[in-house]
Amino acid sequence: MSMTRILFWILGLMVLGLFIRLWAGQGSYPDIWHLQEQIDDQNASNDKQAEINRKLAQDVAALKKDDTAVEEHARSEFGMTKDGETFYQVILKSDPQAPTNVPPPPKEAPRVE
């Protein structure tokens, strides 16, 4: 075999090795695509959390600013009422959390001694 033929084989094997490295293993195209998906997911999660933080900051500012926001939170979250007010709770049949048929409490089983 001539020297050029040997060099072409070595060069071909090196190109094949680099091509395999490009598509398999650490730092390959599929690995980079997977990491990019993780980055996109994390960015979406960060955006959602930033929106939640923005809303909470608005709530805090409103609570510091006036008493009506404090009253609103006390009414909606704690069910508090002012003197002379009556609290009414309406439970709709379509409400999935509303208990429709509350079973009677279980009877105690007879004891075996």
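Side chains are part of it too, since the values below use all heavy atoms of this structure and drop only hydrogens, waters and symmetry mates.
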Q | Nearest heavy-atom neighbours spanning A62 and A69 | A | O-CB, 3.6 Å
Q | Passing option when Q49 is tested against D47, N46, I52 for side chain to side chain contact (heavy atoms under 4.5 Å, CB included) | A | I52
Q: May I ask whether L18 and L13 are part of the same hydrophobic cluster, defined by side-chain heavy atoms of I, L, V, M, F, W, Y residues being less than 4.5 angstrom apart, directly or through others?
A: no
Q: Report the distance from atom CD of E72 to atom CD of E77, rounding to the nearest 0.5 Å.
A: 9.5 Å
Q: Flag yes if more than 12 heavy atoms outside H34 fall under 6.0 Å of its NE2 atom; otherwise flag no.
A: no
Q: Assess whether atom CG of D40 is packed by more than 12 heavy atoms of other residues, nucleotides or ligands within 6.0 Å.
A: yes
Q | K82 vs R75 side-chain heavy atoms within contact, under 4.5 Å | A | yes
Q) What pairs with E37 under salt bridge (charged side-chain N to carboxylate O under 4.0 Å, His left out), at least two apart in sequence or on another chain? A) none
Q) S45: what forms a side chain to side chain donor-acceptor pair (under 3.5 Å) with it, not counting sequence neighbours? A) none
**Q.** Ion pair R54/E51, N-O distance below 4.0 Å
**A.** yes
**Q.** Distance (rounded to the nearest 0.5 Å) between L56 CG and L63 CG
**A.** 10.5 Å
Q.
Working to the nearest 0.5 angstrom, can you tell me the gap between Q38 CD and Q36 CD?
A. 10.5 Å
